[in-house]
Amino acid sequence: MEQISQPYFKSCDTRADDRLRQVAKGGLLITLGVAILLRKIPETSYLMPDWLFGPHTLLMLLGLYNGVKHRFRNTAWLILVLVGVYLALRKYSDIGFHDLHFVGLPVAIVVVGIYIMFKRSRK
């Protein structure tokens, strides 16, 4: 019985991964387009809340995209998401800026530290 070499499986796997990435990117763009369209139409603008559109959401989406793209192996995605959450809390919560600044930075540093401690090794 003849064995198939390892590179054959890797090439099949990467083609499936590439197709999945294409579908995910296309789905993300379709979702974004529909959300913007619903926001622009006056009869359906109530379906898209104000907090959904802003720089904080863009940072969180970029962070999640970066995390998925690199399979959550780096910490850049977490930093982008935390900055987006910080900006969203600062704009839309009742927490005062001084309180958020006083507590938010140390909590973010602790979260990044815990993530670094418990992330899986690449070996």
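Positions are given from 1 along the sequence.
By the rule that hydrophobic residues join a cluster once side-chain heavy atoms approach within less than 4.5 Å of another member, Leu20 and Tyr65 end up as members of separate clusters. Cluster membership check: Leu64 shares its hydrophobic cluster with Tyr115, using side-chain heavy-atom separations under 4.5 Å among Ile, Leu, Val, Met, Phe, Trp and Tyr. Linking ILVMFWY residues whenever their side-chain heavy atoms come closer than 4.5 Å, directly or via other members, leaves Leu61 and Leu29 in distinct clusters.
When all heavy atoms of Arg39 and Met48 are compared, the pair lying nearest together is NH1-O, 3.0 Å.
Between the OG1 atom of Thr75 and the NE2 atom of His70 there is a distance of 11.5 Å, given to the nearest 0.5 Å. Of the inter-residue distances, the one linking Leu52 atom CG with Leu38 atom CG reads 10.5 Å to the nearest 0.5 angstrom.
None of Leu87, Leu80, Val85 except one satisfies the side chain to side chain contact (heavy atoms under 4.5 Å, CB included) rule with Met60; the exception is Val85.
Judged purely by atom type and a 3.5 angstrom limit, Ser45 has no side-chain atom pairing as donor or acceptor with the backbone of Lys40.
Under the side-chain hydrogen bond (donor to acceptor under 3.5 Å, both in side chains) criterion, Glu43 pairs with no residue at all, not counting sequence neighbours. Phe72 pairs by the ring pair (Phe, Tyr, Trp, His ring centres under 6.0 Å) definition with Trp77, not counting sequence neighbours.
Looking at heavy atoms from C-beta onward, Phe53 lies in side-chain contact with Ile36 at the 4.5 angstrom threshold. Between Leu59 and Val81, every side-chain heavy-atom pair lies at or beyond the 4.5 Å cut-off.
Here Ile41 sits in one hydrophobic cluster together with Leu37; the rule is ILVMFWY side chains under 4.5 Å apart, joined directly or through other members.
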